[in-house]
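Report on the structure given below.
None of these values were measured; they are calculated from a predicted model.
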2 protein chains.
Amino acid sequence: MRNKGKATSFDIAYLAGVSQPTVSRALRGSPTVNEQTRQRILQIAHELNYKVDKNASNLRNQQSGTLALLFFEDPTLDDSLINPFFLSMLGSLTRACAVQGYDLLISFQQLSSNWHVEYEDSKKADGLILLGYGDYLEYVSRLELLVEQGTHFVRWGVVLPGQPGVSIGCDNLQGGRDMTRHLLEQGRRNIAFIGHASAHYPEFLERYKGYSQTLEGAGCSVRAELQIDAFTTERSGYDAVTELIERGIEFDALFCASDLIAIGAMRALADRGLRVPQDVAVAGFDDIPIASFTNPSLTTVQQDTKAAATLLVESLLALIREEPVQSHTIPARLAIRQSTMSS
Amino acid sequence: MRNKGKATSFDIAYLAGVSQPTVSRALRGSPTVNEQTRQRILQIAHELNYKVDKNASNLRNQQSGTLALLFFEDPTLDDSLINPFFLSMLGSLTRACAVQGYDLLISFQQLSSNWHVEYEDSKKADGLILLGYGDYLEYVSRLELLVEQGTHFVRWGVVLPGQPGVSIGCDNLQGGRDMTRHLLEQGRRNIAFIGHASAHYPEFLERYKGYSQTLEGAGCSVRAELQIDAFTTERSGYDAVTELIERGIEFDALFCASDLIAIGAMRALADRGLRVPQDVAVAGFDDIPIASFTNPSLTTVQQDTKAAATLLVESLLALIREEPVQSHTIPARLAIRQSTMSS
DNA sequence: CTGAAAGCGCTTACAG
DNA sequence: CTGAAAGCGCTTACAG
């Protein structure tokens, strides 16, 4: 059924009785080709099941029609576990690329590795989408390098002034404010913040700032002992809340910097016999799919991955076209569920 | 910082005072290159931040170093929702490809579209990994076409005798048996099967067969009214169980053909005031991440996506090397949680 | 409207 | 151990 080698434009040219460049023109829809000739060529191409060799056309055009998604995982994480939020993002990104006619190459990166250039320089991708990172302060120097090298890239993450490159992130500050206000409205007064609040984790820091500002605005003091470090795993959330309890600090609500932390937090509470939401209200951030299925279901902050993905891809394509591109913040929205509702 | 065009092997050759082919050899580790010369070339390549142009080397080598993951979605599904099981699979596949030094291109396909050839024929990928499908009977004719065309592909899904191409699947039959036995051991006697049981959905059918065989083996009759059609969404599970209840059929356990169905089933039970597991035991299949977090946590059948992904990638690479490859079934394992435990 | 020519950046026989 | 040559399959000025 299939010939030895696959059909090339020369085969078609031969069968159509025209030159190979004419085949190329006809296939690419050049208006200069005679309509009859084009039809004949199209017909033959179809019969031969011909497909343009992308390696050849990319080589010639000096581009790839592909975007690379570089996925940075914290090496401390369990090998088999991927942050579910990133997984949602991946689904949205794939669709957004397809809409634009681009392929998406995906790659899991170790933070330590020398990832910055590979893809674009080797012409496997026209640009990079960066998702996730460990420590922002280390990461940002890599971004500077990328900018310096003229690599086309966009990243998902907090938007900060003076930041190298283009970032698309959600409004973490607003999300932090809204959630804190919600907890106050539920009558909670001793709200702990579970998550790192340092420049190393700027998304968390923004969420923390939203929390602090809202507390202050409501006349509540921001107490340092109510903030416990945690990074975004269940285990870390569990440990942080256990520590909070063991220190004997009183609290009636936990604002967790991520859903994964919140899930660990809920386990820790359950293990100590504390009820959610009666004894302690628990809120998360991200709205990962699991959040609707925890017991009780988890109040959280929704990030619109579909909008984010569209914006990421469109920004990257604009960058590739050498158009000016701005960083962007998309709104965050509360998803209120049972875990924070005082009945 | 960066020169106009990126460095090519000619630039390196010029600087190293050798010919371009020698650069190519040195870079590819040919043993015929003088060690000193090689060192010099490597050094210069590094300074220029040189990367081999993949389009050029792929064109020359007639291969791509890339595998394509074609992801078929049932068009009836919500646009933003991806089956979480496939998402886990995706994570595992990405890693398995990386281990083998291949890139993974991912693509969401509409079932209707003309997907079968594109990737390999256009030299964007050396082979295809197929994940998901709607109706098996339609799908299988596509597989035949792929085989006929000599396309290199493997698929995740049930392994059936006489099936075209190579499939890697879990032991659905055994999983169905084990789960049914578990439910019987918990003292359940009226076990309903929620999910399609037809050749259109052969994974479900195998699970159903395991269920039937085990019931019969235990001297229980298999009653047709205890099987309700459902495909793998929460909504479908909800509807099926609602129907079961409305028909007034008695049951004390639900064996759901997938976790998504089980989650919908649990909602339907809750809406009718039925308690899990006291009134009704509920079991699923897949062990998606959410399964541990439902209330109560969901007993299910685990499919080892890591093993599956490794096998899929290795089989595909063997196929590409024109080695003989067999379909394979990997074991399924029970994950017993609260939803089926009679206390 | 169409063809002859050049060239994208590699890799690999073939000579030496 | 190294170079000159050919060629992978396309696209696009340039001529006509």
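The salt bridge (charged side-chain N to carboxylate O under 4.0 Å, His left out) test applied to A/Arg60 returns no partner, not counting sequence neighbours. Contacts of B/Tyr136 classified as ring pair (Phe, Tyr, Trp, His ring centres under 6.0 Å), with partners at least two apart in sequence or in another chain: B/Tyr133. Looking at residues two or more places apart in sequence or on another chain, you find no side chain to side chain contact (heavy atoms under 4.5 Å, CB included) involving B/Val99. Taking the side chain to side chain contact (heavy atoms under 4.5 Å, CB included) definition, one finds that B/Tyr14 meets it with nothing, sequence neighbours left out. The side chain to side chain donor-acceptor pair (under 3.5 Å) search around B/Arg40 returns none, not counting sequence neighbours. Considering only residues two or more places apart in sequence or on other chains, B/Glu144 meets the side chain to side chain donor-acceptor pair (under 3.5 Å) condition with none of them.
Pairs engaging residues 26-37 of chain A under the side chain to side chain donor-acceptor pair (under 3.5 Å) rule: A/Ser30-A/Thr32, A/Asn34-A/Thr37, A/Glu35-A/Arg38, A/Glu35-A/Gln39 [sequence neighbours left out]. Sorted by first and then second residue, the salt bridge (charged side-chain N to carboxylate O under 4.0 Å, His left out) pairs involving residues 122-131 of chain B (not counting sequence neighbours) are A/Asp53-B/Lys123, A/Asp103-B/Lys124.
Comparing B/Thr8 and A/Pro21 by the nucleotide of DNA chain C that holds the closest heavy atom to each, the one mapping nearer the 5' end is A/Pro21.
In 5' to 3' order, the nucleotides of DNA chain C bounding all contacts with chain A (an atom under 4.0 Å from a heavy atom) are C/dC1 to C/dG9.
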A correct dot-bracket answer for DNA chain D, with pairs being Watson-Crick or G-U at under 3.5 Å, [ ] for crossing pairs and | for inter-strand pairs, is |||.||||||||.|||

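Across residues 23-34 of chain A, A/Ser24, A/Arg25, A/Arg28 each have a non-hydrogen atom less than 4.0 Å from an atom of DNA chain D (numbered order).
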Report, one line per pair, each donor and acceptor closer than 3.5 Å where one atom sits in a side chain of residues 308-320 of chain B; sequence neighbours left out.
residue  : atom : partner  : partner atom : Å
B/Thr310 : OG1  : B/Lys306 : O            : 2.8
B/Ser315 : OG   : B/Leu311 : O            : 2.6

